[in-house]
Participant: 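Here it is, the structure, as structure tokens.
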Amino acid sequence: MTDIPSARPTGWFQVAWSADLANGEVKALHYFGTELVAFRGNDGRVRVLDAHCQHLGAHMGHGGCVVDNDIQCPFHGWMWNGDGRNTHIPYHDKPNRVRRVRAWPVTERNDSIYIWHDSAGRPPGWEVPEAFPALGSHVARVEYFPLTAPARSLHARVHVHPQVIAENAVDPWHFRFVHHTSIAPVVLRETVEGANWQSKVGFGRRWSDGVDRPEDTSNTIEILWSGIGVSFNGEVTAEGIRVIAICPTPVDDTTTDIFATYWIDKDNGRHDERLAQAKLALPDDIAIWEHQKYMDPPGLAPSEAAGFRRLRTWATDFYPGTAHSDPDAAVAPA
């Protein structure tokens with residue numbers, strides 16, 4: 001009844017912010033139960049490899065350095081390019097053309113660094129969206145404050161599966177009890193297009209009829225999930241517009257790092273005050289997720305059943321080669 005989905009889902013997952021890696025810098029990472037090394041070449045492009053040199057196994061994230069656009073192992077100076085090929089052995093006239101370090105597909109956008117994970121080793125099946133245009137013209141046309149360090153929050157080693165976080169997109173009722181809103185929002189729209197799940201919710205009496213008026217964005221949240229590793233919320237509040245990225249990345253079979261990024265629009269000023277307000281909600285969710293047990297199927301009220309069913313059915317596409325239980329949930333009688 002409680003089989004949790006695989007902790008090795010397919011998709012794009014954030015592993016750092018762009019600001020974490022300057023040209024020539026190296027960063028040790030650990031995701032999907034694997035030691036990794038990220039480095040930015042002097043050409044400005046980020047590469048991510050498995051961390052251990054294929055010579056004698058030294059960890060290149062600890063003491064390795066960038067030479068031109070390659071990473072050099074700290075143990076014997078062997079150099080590896082972004083494709084995982086050995087390019088130079090300092091005391092030999094030819095590189096080792098047989099041994100390879102696994103290279104991970106990398107995308108850098110939205111001030112963030114993402115890697116593609118697929119247990120079957122398949123190439124990327126879709127692109128990471130550009131957050132602002134993907135959330136709508138009302139979000140894209142606004143100018144935002146630069147992304148400062150306080151606007152980037154890493155919640156490390158949380159005991160939660162990424163799919164549990166994605167299910168917040170179809171769970172309006174938790175707002176009253178977790179975030180202490182006076183009323184629950186209304187789900188106005190849910191659409192699925194390939195790897196993308198997009199929805200719109202509205203707060204307040206103007207949305208009580210449940211009718212989506214596309215031209216009206218007041219007191220709404222536009223939610224986009226690209227796979228179950230990348231999400232963006234475009235929130236229109238009385239204080240202005242803010243965009244929040246919540247990106248969960250599995251560390252191992254039981255824990256997830258949650259990268260939270262906050263962009264605050266310039267039109268309404270008061271950056272620090274509004275940033276602090278925007279950051280209040282996620283810790284409330286984490287306090288629940290940290291101790292939550294995944295229920296499959298869950299016992300749902302009739303008003304929430306359809307959304308959960310659709311999202312769980314959509315999410316099964318990100319677990320290739322694994323067995324899944326019936327996504328239909330047990331629904332309480334009306």
Participant: If you round to the nearest 0.5 Å, how far is CG of D216 from NZ of K200?
Facilitator: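 Here the rounded value is 6.5 Å.
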Participant: Measure from the side-chain N and O atoms of E304 to the backbone N and O of P172, and report whether any donor-acceptor pair falls under 3.5 Å.
Facilitator: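 Pair absent, no side-chain N/O of E304 close to backbone of P172.
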Participant: Would you call Y262 and S153 a side-chain contact if the rule is heavy atoms closer than 4.5 Å?
Facilitator: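 Y262 vs S153: side chains touch.
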Participant: V201, L188: one ILVMFWY side-chain cluster at the under-4.5 Å cut-off?
Facilitator: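 No, no single cluster joins them.
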Participant: Of all the heavy-atom pairs spanning A260 and L282, show the shortest one and how long it is.
Facilitator: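 Distance-wise, the nearest heavy atoms are CB-CD2, 3.6 Å.
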Participant: Of all the heavy-atom pairs spanning A195 and W314, show the shortest one and how long it is.
Facilitator: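 Heavy atoms of A195 and W314 come nearest at O-CZ2, 3.1 Å.
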Participant: Examine distances only and state if a side-chain atom of T10 and a backbone atom of D118 form a donor-acceptor pair shorter than 3.5 Å.
Facilitator: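 Not confirmed, T10 side chain does not pair with D118 backbone.
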Participant: When the aromatic ring centroids of F177 and W173 are compared, is their separation below 6.0 Å?
Facilitator: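 That pair fails the under 6.0 Å test.
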Participant: Picking from V26, L21, V46, N23, what satisfies side-chain contact (heavy atoms from CB on, under 4.5 Å) with F39?
Facilitator: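 Per the side-chain contact (heavy atoms from CB on, under 4.5 Å) rule, the option paired with F39 is V26, out of V26, L21, V46, N23.
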Participant: Consider only side-chain N and O atoms of S226 and W12, and report whether a donor and an acceptor are under 3.5 Å apart.
Facilitator: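 Side-chain D/A pair, S226 to W12: absent.
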Participant: Count the heavy atoms of every other residue, nucleotide or ligand shown that sit under 6.0 Å from CG of D252, and state whether that count exceeds 12.
Facilitator: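 Yes - once you tally the heavy atoms of other residues, nucleotides and ligands closer than 6.0 Å, there are more than 12.
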Participant: For residues V158 and E290, determine if any side-chain heavy atom of one lies less than 4.5 Å from a side-chain heavy atom of the other.
Facilitator: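 A side-chain contact under 4.5 Å exists here.
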Participant: Which residue pairs pass the salt bridge (Lys or Arg N to Asp or Glu O under 4.0 Å) test when at least one of the two sits in residues 80-105, sequence neighbours left out?
Facilitator: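 The answer is D50-R102.
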Participant: Passes side chain to side chain contact (heavy atoms under 4.5 Å, CB included), I113 versus W17? Steps please.
Facilitator: CA-CA 5 Å; I113 299 167; W17 285 281; over 6 Å; no
Participant: Tell me if a side-chain donor or acceptor on D43 pairs with a main-chain N or O of R45 at a distance below 3.5 Å.
Facilitator: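 It does hold such a pair.
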Participant: Can you list the steps and then say if W197 with T191 is a side chain to side chain contact (heavy atoms under 4.5 Å, CB included)?
Facilitator: CA-CA 6 Å; W197 174 285; T191 58; over 6 Å; no
Participant: Between F132 and F232, does the ring centre distance come in under 6.0 Å?
Facilitator: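 No, the ring of F132 stays outside the 6.0 Å limit from the ring of F232, centre to centre.
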Participant: Looking only at side-chain N and O atoms, does H179 offer a donor or acceptor that is under 3.5 Å from a partner on D285?
Facilitator: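 Short answer, yes.
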Participant: Will you find, in the side chains of Q277 and E273, an N or O donor that is under 3.5 Å from an N or O acceptor?
Facilitator: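 No - no donor-acceptor pair under 3.5 Å links their side chains.
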Participant: Should E239 and R270 count as an ion pair when the cut-off is N to O under 4.0 Å?
Facilitator: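 No, this pair does not count.
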Participant: Considering residues, nucleotides and ligands other than Q292, do more than 12 of their heavy atoms fall under 6.0 Å from its CD?
Facilitator: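 For Q292, atom CD is crowded (more than 12 foreign heavy atoms under 6.0 Å).
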Participant: Please examine the side chains of P185 and I221, heavy atoms only from C-beta on, and report whether any two atoms are closer than 4.5 Å.
Facilitator: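 I221 vs P185: side chains apart.
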Participant: Between the main-chain N or O of S18 and the side-chain N or O of R40, is there a donor-acceptor pair closer than 3.5 Å?
Facilitator: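 Indeed, once roles are kept as given, a pair shorter than 3.5 Å links the two residues.
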Participant: Which atoms form the tightest heavy-atom contact between P298 and R312, and what is the distance?
Facilitator: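 Of all heavy-atom pairs spanning P298 and R312, the closest is CD-NH1, 3.3 Å.
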Participant: If you define the side chain from C-beta out and look only at heavy atoms, does anything of N69 sit under 4.5 Å from N42?
Facilitator: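 Answer yes - side chains close enough.
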Participant: In terms of heavy-atom contacts, does CZ of F75 have more than 12 from other residues, nucleotides or ligands at under 6.0 Å?
Facilitator: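 Result for CZ/F75: open.
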Participant: Tell me whether F145 shares a hydrophobic cluster with I244, the cluster being built from Ile, Leu, Val, Met, Phe, Trp, Tyr side chains joined at under 4.5 Å.
Facilitator: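 In one cluster: yes.
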Participant: Write down the atom of W78, the atom of C53, and the distance for their closest heavy-atom approach.
Facilitator: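 Smallest heavy-atom distance, with atoms named: CB-SG, 4.2 Å.
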Participant: Treating H161 as the side-chain partner and Q163 as the backbone partner, does any N or O pair qualify as donor plus acceptor under 3.5 Å?
Facilitator: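 Present.
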Participant: Would you give the length of the straight line joining atom CD1 of I246 to atom CD of Q14, rounded to the nearest 0.5 angstrom?
Facilitator: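 The distance works out to 10.0 Å.
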Participant: Side-chain contact, heavy-atom cut-off 4.5 Å: H62 with P74?
Facilitator: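 In short, these two side chains do not touch, never coming nearer than 4.5 Å.
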Participant: Would you please say whether a donor-acceptor pair under 3.5 Å links the side chains of E35 and H59?
Facilitator: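 Checked: E35/H59 side chains pair up, N/O donor to acceptor below 3.5 Å.
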Participant: Which is it for R8 and D253 under the side chain to side chain contact (heavy atoms under 4.5 Å, CB included) test, yes or no, and what are the steps along the way?
Facilitator: CA-CA 8 Å; R8 301 290 190 271; D253 288 342; 2.9 Å; yes
Participant: Give the ring-plane orientation class for W126 versus W116, where under 30° counts as parallel, over 60° as perpendicular and anything between as tilted.
Facilitator: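 Perpendicular: the ring planes of W126 and W116 meet at over 60°.
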Participant: Using side-chain contact (heavy atoms from CB on, under 4.5 Å) as the criterion, list what pairs up with D257, not counting sequence neighbours.
Facilitator: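 For D257 the side-chain contact (heavy atoms from CB on, under 4.5 Å) partners, ignoring immediate neighbours, are Y31, L154, A156, R157, V251, F259.
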Participant: Are I258 and I286 close enough that some pair of their side-chain heavy atoms sits under 4.5 Å apart?
Facilitator: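 With C-beta onward as the side chain, the pair touches.
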Participant: Minimum heavy-atom separation for P250 to T256, with atom names?
Facilitator: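 The answer is CA-OG1, 4.0 Å.
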Participant: Measure across S218 and R206 and return the closest heavy-atom pair with its distance rounded to 0.1 Å.
Facilitator: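 The pair with the smallest heavy-atom distance is CB-NH1, 3.5 Å.
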Participant: Please tell me whether M79 and V66 are part of a single hydrophobic cluster in this structure, the criterion being side-chain heavy atoms less than 4.5 Å apart.
Facilitator: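 No, because M79 and V66 fall into different hydrophobic clusters, even though each may have its own neighbours under 4.5 Å.
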Participant: When you measure from the side chain of N233 to the backbone of I223, do you find a donor-acceptor pair of N or O atoms at a distance under 3.5 Å?
Facilitator: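 It does not hold such a pair.
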Participant: Can you list everything that forms a side-chain hydrogen bond (donor to acceptor under 3.5 Å, both in side chains) with W263? Sequence neighbours excluded, please.
Facilitator: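 Expected list: D111.
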Participant: Would a single hydrophobic cluster contain both V101 and V106, if residues Ile, Leu, Val, Met, Phe, Trp and Tyr are joined by side-chain heavy-atom contacts under 4.5 Å?
Facilitator: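 In one cluster with V106: V101, no.
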Participant: Which of parallel (below 30°), tilted (30 to 60°) and perpendicular (above 60°) describes H55 and Y91?
Facilitator: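 H55 and Y91: tilted rings.
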Participant: Please check if any side-chain donor atom of T87 sits under 3.5 Å from a side-chain acceptor atom of D70, or the reverse.
Facilitator: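 Side-chain D/A pair, T87 to D70: present.
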Participant: How long is the span from the CD atom in Q54 to the SG atom in C73, to the nearest 0.5 Å?
Facilitator: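 So the CD of Q54 and the SG of C73 are separated by 10.5 Å.
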Participant: Are any side-chain N or O atoms of S303 and backbone N or O atoms of A301, one a donor and one an acceptor, separated by less than 3.5 Å?
Facilitator: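 No; zero donor-acceptor contacts below 3.5 Å.
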Participant: Test side chain to side chain contact (heavy atoms under 4.5 Å, CB included) on C247 and F13; report intermediate values, then the result.
Facilitator: CA-CA 7 Å; C247 295; F13 296 87; over 6 Å; no
Participant: Please check: side-chain N/O of H117 versus main-chain N/O of P9, any donor-acceptor pairing under 3.5 Å?
Facilitator: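 Checking the backbone N and O of P9 against the side chain of H117, a donor-acceptor pair under 3.5 Å is found.
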Participant: To the nearest 0.5 Å, tell me how far N268 CG sits from I241 CD1.
Facilitator: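 N268 CG to I241 CD1: 8.0 Å, rounded to 0.5 Å.
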Participant: Using 0.5 Å steps for rounding, measure from the CD atom of Q198 to the CD atom of E190.
Facilitator: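 That separation rounds to 11.5 Å.
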Participant: Between T249 and V15 (side chain of the first, backbone of the second, donor and acceptor by atom type, cut-off under 3.5 Å), is there such a pair?
Facilitator: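 Not at all, since once roles are kept as given, no pair shorter than 3.5 Å links the two residues.
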Participant: Are V186 and L311 co-members of a hydrophobic cluster defined by side-chain heavy atoms under 4.5 Å apart?
Facilitator: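 Unlinked, L311 and V186 end up in two clusters.
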Participant: Any side-chain heavy-atom pair from S199 and R189 closer than 4.5 angstrom?
Facilitator: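 Not touching, per the 4.5 Å side-chain cut-off.
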Participant: Taking the side chain as C-beta and beyond, is there a heavy-atom pair between L224 and P129 under 4.5 Å?
Facilitator: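 In contact.
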Participant: Rounded to the nearest 0.5 Å, how far does CH2 of W289 lie from NE2 of H159?
Facilitator: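 Result: 15.0 Å between the selected atoms.
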